[in-house]
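Letters go in sequence order (proteins before strands), and every chain restarts at 1.
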Number of protein chains: 2
Amino acid sequence: MHTREELTEAALGYVFAHGLLNLSLRPLAAAVGTSDRMLIYHFGSKARLIADVLELANRRVSEGMGDFAATARTPQQVVERAWQLMTAPQTDALARLYLELCALSVRDGARWAPAHRKLREPWLDLLHRRLVALKVPGRRATVLATLVLDTLDGLMLDRLVTGDAARVDAAARAFARLLAEPR
Amino acid sequence: MHTREELTEAALGYVFAHGLLNLSLRPLAAAVGTSDRMLIYHFGSKARLIADVLELANRRVSEGMGDFAATARTPQQVVERAWQLMTAPQTDALARLYLELCALSVRDGARWAPAHRKLREPWLDLLHRRLVALKVPGRRATVLATLVLDTLDGLMLDRLVTGDAARVDAAARAFARLLAEPR
DNA sequence: GGCAAAGTGTAGCGGTCGCTACGTACGAAG
DNA sequence: CTTCGTACGTAGCGACCGCTACACTTTGCC
C-alpha cells in the first residue's frame, strides 16, 4: 500500500542515486517495490512523476540550506560557508542532480530550464540577501551573487567530474580570498 | 560514396546540433545521407563512432583556440580574452557539447570523464602557460588556472541555460576585475 | 575475363521504452 | 447483499534501439 507521497519520496532517492538521464520506469518501480503500471496509475505519466520528484527535491534544497551564511561577516566568509555546504556529503546527490539539470537545460531548455531555475533560485536569493546585509551596494550585490553562484557551480562541476577535491578546494579558497579585497 | 572521415565530419555537425544525449544512429544516418547499417559498417559500433566524433571535436578545440591570450598583459586581460572567445558564436556548439560531457561524466565518469578531460586540457594548459608568462608564481598559477577555467565554465553554463547574456557578461567582467588587484 | 574484397540495400532480431486494455480483489456505501 | 470506486497484477501494444544476417552490386587487381 504505497501512497503517492511515499512513492515520490522513494523515487527521489532513486533519482539521487541513478540520475534523471535514462531514467526508466521499470527499474525505478522495482527499486521502490512497485510496478511501472502502478507508477503510471498514481502519477498519470512519467513527466508528472519527474515533476513531483523535482518539486520534492526543491523543498529539500530550501530546508537543507538553512541560513548557512548567517554568521558570515565578509563576502569572503559567505563564499567559504557556501562552499562548505555545497561540498558537504549530504549535498552531494543534490549537486549531481542540479548539474544534470544544467546539461538537460542546455539541450532542451523549454522542458528543463524551469526546474533548473527553481533549484537555483534559493541559493541565489540567499547569497544576494546576505551580500546586501553586508552592505554591498545593490547593483553590485546582484552581479556578485551571480558571479559567486556561477563560480561555485563551476568548481562543483570540476570536483564531481575529476574527484580531485584538494585541487578544487584550493581554487575555492583562492576565490574567497579574491573577495576579501575591496573593489 | 562516403568515407569514414567525411562521415565523422558530418556526424560532428549533427552532434553539435542535437547533442550526445539520446543520440541514435538512424536519425543521425538520415541526416548525413546514409543508413545506420553503413554507420556500423564504417565505425564498427556506436561507441567507436562517438569516440571518433569527440576526437575530431578535440582537434577543433585546439585549432579554434589559437593563442587567444597572446597579447594579454595582465590576468584580468587573460580572463577577458578567454571569455570573449568562449562566448563567440562559433564556440557555442562546442561549449554545449563540453557541458553535456560534464553532466555525463558526473553520472558515468568511467565512460565519459576521459573525453571531458581531453576537451578541457587545451584550455587549462593555455591559461596556465599564459599566467606563468605573466610572472604569476608557479603554485599560484596552477590554482588560478583551475579557478579561472571553472569560473568561466560556471558562467558559460548560466549563460547557455538562462540565455541572459547581459547579466552573465557583467558577472564575467566583475570576475576579471577581481583579478586586476594583486593578491 | 576471373575473382576476391569492399560497399550497400533489405529485412529483421532481441531488447527496452512509455503506456494501456482488461480482469479482479476488496472495502465502504446504499 | 448488492453496488461501485479504488487498488493492483498480467499481458501486451507499437515504437524505437543497436546491431546483424544475407544477398547483391561494384570495384580493383591478376
d([atom1], [X]; [atom2], [N]) in whole Å:
X: A:Arg48; N: C:dG18; atom1: CZ; atom2: C1'; value: 17 Å
X: B:Leu39; N: C:dG7; atom1: CG; atom2: C1'; value: 14 Å
X: B:Met38; N: D:dT25; atom1: CE; atom2: C1'; value: 12 Å
X: A:His42; N: D:dT6; atom1: NE2; atom2: P; value: 12 Å
X: B:Leu28; N: D:dC16; atom1: CG; atom2: P; value: 16 Å
X: B:Asn22; N: D:dG18; atom1: CG; atom2: C1'; value: 14 Å

Q: Report which part of the nucleic acid A:Leu49 touches: base, sugar-phosphate, or nothing (heavy-atom distance under 4.0 Å, all strands).
A: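 Contact class for A:Leu49: none.
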Q) Just checking B:Thr34: base, sugar-phosphate only, or nothing, at a heavy-atom cut-off of under 4.0 Å? A)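 Nothing, no nucleic acid heavy atom in range.
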Q: Could you list all the side-chain hydrogen bond (donor to acceptor under 3.5 Å, both in side chains) pairs where at least one residue sits in residues 164-175 of chain A, not counting sequence neighbours?
A: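 Sorted result for residues 164-175 of chain A: A:Trp83-A:Asp169, A:Asp158-A:Arg167, A:Thr162-A:Arg167, A:Asp164-A:Arg167, A:Arg167-B:Thr146.
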Do [X] and [Y] make a side-chain contact, defined as non-hydrogen atoms from C-beta onward lying under 4.5 Å apart?
X: A:Val78; Y: A:Leu179; result: no
X: A:Leu127; Y: A:Leu144; result: no
X: A:Thr87; Y: A:Val168; result: no

Between the protein and nucleotides 19-22 of chain C, which nitrogen or oxygen pairs come in under 3.5 angstrom?
residue	atom	partner	partner atom	Å
C:dC19	OP2	A:Lys46	N	2.8
C:dC19	N4	A:Asp36	OD2	2.6
C:dA21	N6	A:Arg37	NE	3.3

**Q.** Plane angle bin for B:Phe175 and A:Phe175 - parallel if under 30°, tilted between 30 and 60°, otherwise perpendicular
**A.**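 The arrangement is tilted - the two ring planes meet at 30° to 60°.
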(Q) Strictly below 4.0 Å, N to O, side chains only: are A:Asp36 and A:Lys46 in salt-bridge contact? (A)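 Looking at A:Lys46 together with A:Asp36, the answer is no, because their closest N to O distance does not fall below 4.0 Å.
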Q. Below 4.0 angstrom from OP1 or OP2 of C:dT16, is there any side-chain N or O of A:Ser24?
A.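 Checking C:dT16 against A:Ser24, no side-chain N or O comes under 4.0 Å of OP1 or OP2.
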Q: Would you please confirm or rule out a distance under 4.0 Å between OP1 or OP2 of D:dC8 and any side-chain N or O of A:Tyr41?
A: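 For A:Tyr41, the contact criterion (side-chain N or O under 4.0 Å from OP1 or OP2 of D:dC8) is not met.
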